[in-house]
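Remember, predicted model here, so these are calculated numbers, not experimental data.
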Amino acid sequence: MSLAACADDSGPPTLTWYINPDDGGQAEIAQTCTEESDGAYVIQTALLPREASDQREQLARRLAAQDASIDIMSLDPPFIPEMAEPGFLAEVPEELQDTDGVVQGAIDSATWEDELVTVPFWANTQLLWYRESVAEEAGLDMSEPVTWEQLIEAAAENDLYLGVQGARAESLTVWINALVASAGGEILTNPEATSDELELDLDSEAGRQAAEVVSRIGSEGLGGPGLPTADENASMNLFQGDRGSFMVNWPFVYPAMMDAESDVIDDLAWTAYPRMDADTESAPPVGGINLGVGAFSSNIEEAWEAVACIVQPEHQAEYFVTNGNPPSAIEAYEDERVQEEFPMADVIRDSLEQAAPRPQTPFYNEISIGLQTTWHPVSGVDPEITPGSSQQFITEVLRGERLL
C-alpha cells in the first residue's frame, strides 16, 4: 500500500500516521479508530526512525518540502516549536483545544507561543526508584520528600551506586534540565526569541546547584564505572546490581524488571523525583508524544477527526497497559487495569502535573547538543566554571559565532 494519503471514488481517504517505534500499540489504535470511523477514513501507520533526533530530521525535511503525504505525526515534545514556527503544523481545531482533564506537563509540552499546536497523546516522566532495604539502612523516611543531597550521602556512606544517565545523549539534557528547573531556574529565559536574541540563564545559582549534583556523582564515582556512556537501560542494569540503591528513570523500567523477574522486585519501591531543596517541589522531566497534523495534508479535517479518536482516554489506558506509555488524560489513570498493572500510576500522574518541559524553542537541537558537549563527561563538571562556560558556548553557537 502506498504511504501517500489518498482518496478516490471507491472509498474513504487513507490517512498516514507517522509513528515512533513502540510495541505495536499505535498500529492497534489506528485499526480501532478506522473501525470506529464507520467508513469516514482509514488510518495506516508508517514507522519513523528509532532515535528522536532522526525522527525530527526526517519530518522537518519532508514538511519543508510541503509533503502532502504527512497526515498525522507522533511528535517528541522538544521538537514541536521547530515544526510550529514555520507553519508546518495544521491549526488545532477548537473542539480539540479543551485541555481540561489533561496533565499539565503534557499541556505545556504541546504549546507554542501560548497556543496549543499539537494534541497530547501519551506523557512521560521520571520517578525516583529505590530499594527499600537500602533506604531503611540509610535511615531515610521515603514517605517524605527526599533531596539529591540525601541520596548522594546515602550512596557515598554505604559504597553504593546511583542510577543516573551520564551518556553524551539527550538523556543528559533531560537530567540537567530537571536539576535546573528543580532548583527554581530555567535554561532559557525567552524561548520565543530569534536565535540572535535568545538568552540563557545557566550561569546562575540554579545552574551551579545543578552542576554541583552532577559533579559530585561524577567525580566521586557514585554513578558507577560506566557513567560516561550510561543511558536509561544502563542505569536500570546498574540499579539491579549488587551495589544498586536509587535511580531516576522513566516508568518503562517497571515492566522491564517485572518481565525479567529481577532479583530486586521484592525490594523495589518508588516515589516522586528528588528535590534540590527539601522545602521546594521538584520539577521532574516530561516526555511522551503529542499528535500533530501536517499543514500540507490533503485530508486535514479527517486527520483531526482521527486524532480525536486516538487520544480517547480508553485508548490511552489500553496503550499504557499494553505498551507501558503513560496517558496524558487524567481519566485514564482511573482505569482498573492501569491501577493493577502499574501500582505507581498515581505517582506518575501527580509527577506529570508538576513536570517541567525542556526548553521550548525552534533552536532546541542546538541547545541540547550544546549542553551535551559542555557537561560531558560529568566527572569533569565544575560548579564554578561549567554553567558559565556552557552558557557562553551555546550562546555563541546560536549567534553563529562557532560550530557545535
Side-chain angles (χ1 to χ4, degrees), residues 1-8 10-52 54-56 58-59 62-63 67-77 79-80 83 88-90 92-93 95-96 102 106 110 117-124 252 287-329 331-332 335 337-338 341:
M1 182 183 293
S2 170
L3 292 182
C6 57
D8 56 41
S10 63
T14 297
L15 308 174
T16 303
W17 176 13
Y18 285 82
I19 62 172
N20 59 301
D22 63 4
D23 290 334
Q26 290 171 101
E28 289 290 335
I29 295 175
Q31 180 62 35
T32 298
C33 286
T34 294
E35 295 170 357
E36 292 180 0
S37 77
D38 293 327
Y41 52 76
V42 173
I43 308 174
Q44 62 179 13
T45 58
L47 194 61
L48 291 166
R50 179 160 297 278
E51 295 298 324
D54 294 333
Q55 297 168 23
R56 160 196 168 267
Q58 182 179 124
L59 289 173
R62 294 180 61 179
L63 288 167
D67 192 333
S69 72
I70 299 178
D71 298 306
I72 305 169
M73 296 167 281
S74 290
L75 295 172
D76 200 18
F79 302 120
I80 288 172
M83 304 295 182
F88 291 166
L89 302 179
V92 178
E95 59 269 22
L96 283 174
V102 178
V117 295
T118 55
V119 175
F121 173 32
W122 64 271
N124 211 356
F252 84 90
I289 289 294
N290 296 328
L291 300 181
V293 168
F296 312 106
S297 166
S298 303
N299 303 287
I300 289 177
E301 182 177 348
E302 291 87 354
W304 283 125
E305 291 175 5
V307 168
C309 176
I310 292 167
V311 301
Q312 288 301 303
E314 60 268 27
H315 294 158
Q316 294 190 34
E318 178 71 18
Y319 192 51
F320 191 16
V321 170
T322 58
N323 281 240
N325 295 323
S328 64
E331 179 184 335
D335 188 288
R337 298 168 302 163
V338 166
E341 293 292 327

Closest heavy-atom contact between [X] and [Y]?
X	Y	answer
V117	L89	O-CD1, 3.9 Å
A27	T45	CA-CG2, 4.0 Å
W304	V119	CZ3-CG2, 3.8 Å
V338	A332	CG2-O, 3.6 Å
G39	P12	O-CB, 3.1 Å
I80	A110	CD1-CA, 4.5 Å

Can you find a heavy atom in the side chain of [X] that is under 4.5 Å from one in the side chain of [Y]?
X	Y	value
L63	M73	yes
L47	P21	yes
N20	D76	no
H315	E36	yes

In Å and rounded to the nearest 0.5 Å, what is the [atom1] to [atom2] distance from [X] to [Y]?
X	Y	atom1	atom2	value
E35	T32	CD	OG1	6.0 Å
L291	I310	CG	CD1	5.5 Å
I29	N323	CD1	CG	8.0 Å

Derivation and outcome, side chain to side chain contact (heavy atoms under 4.5 Å, CB included), residues N299 and Y41 | CA-CA 9 Å; N299 303 287; Y41 52 76; over 6 Å; no
Keeping [X] on the side-chain end and [Y] on the backbone end, is there a donor-acceptor pair under 3.5 Å?
X	Y	result
Q316	Q312	no
Q44	T16	no
S328	A123	no
D71	S297	no
Q58	L48	no

Starting from the C-alpha separation in whole Å, work towards a yes-or-no answer on side chain to side chain contact (heavy atoms under 4.5 Å, CB included) for T118 and V92.
-> CA-CA 7 Å; T118 55; V92 178; 5.7 Å; no
Please walk me through it: do I72 and V307 pass side chain to side chain contact (heavy atoms under 4.5 Å, CB included)?
-> CA-CA 8 Å; I72 305 169; V307 168; 4.0 Å; yes
State which residues pass ring pair (Phe, Tyr, Trp, His ring centres under 6.0 Å) with F320; sequence neighbours excluded, sorted by chain then number.
-> F342
With F88, which residues qualify under ring pair (Phe, Tyr, Trp, His ring centres under 6.0 Å), at least two apart?
-> none
Please test L75 against L59 for side chain to side chain contact (heavy atoms under 4.5 Å, CB included), starting from the C-alpha separation and ending with a verdict.
-> CA-CA 9 Å; L75 295 172; L59 289 173; 3.7 Å; yes
Under the side-chain contact (heavy atoms from CB on, under 4.5 Å) test, residues paired with D67 that sit two or more places apart |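 D67: side-chain contact (heavy atoms from CB on, under 4.5 Å) contacts with R62, S69, I70.
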Among all residues two or more places apart in sequence or in another chain, which pass the side-chain contact (heavy atoms from CB on, under 4.5 Å) test with N124?
->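 If we apply the side-chain contact (heavy atoms from CB on, under 4.5 Å) test to N124, skipping adjacent residues, the hits are W122, W250, P251, P326.
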Those residues that, when tested against S74, pass side chain to side chain donor-acceptor pair (under 3.5 Å) (two or more places apart) =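 In terms of side chain to side chain donor-acceptor pair (under 3.5 Å), with neighbours along the sequence ignored, S74 is linked to W17, Q26.
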Over 12 non-hydrogen atoms of neighbours within 6.0 angstrom of CD in E28 =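 Open.
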Any pair counted as salt bridge (charged side-chain N to carboxylate O under 4.0 Å, His left out), so long as it reaches residues 298-324, sequence neighbours left out |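 Sorted pair list: E318-R337.
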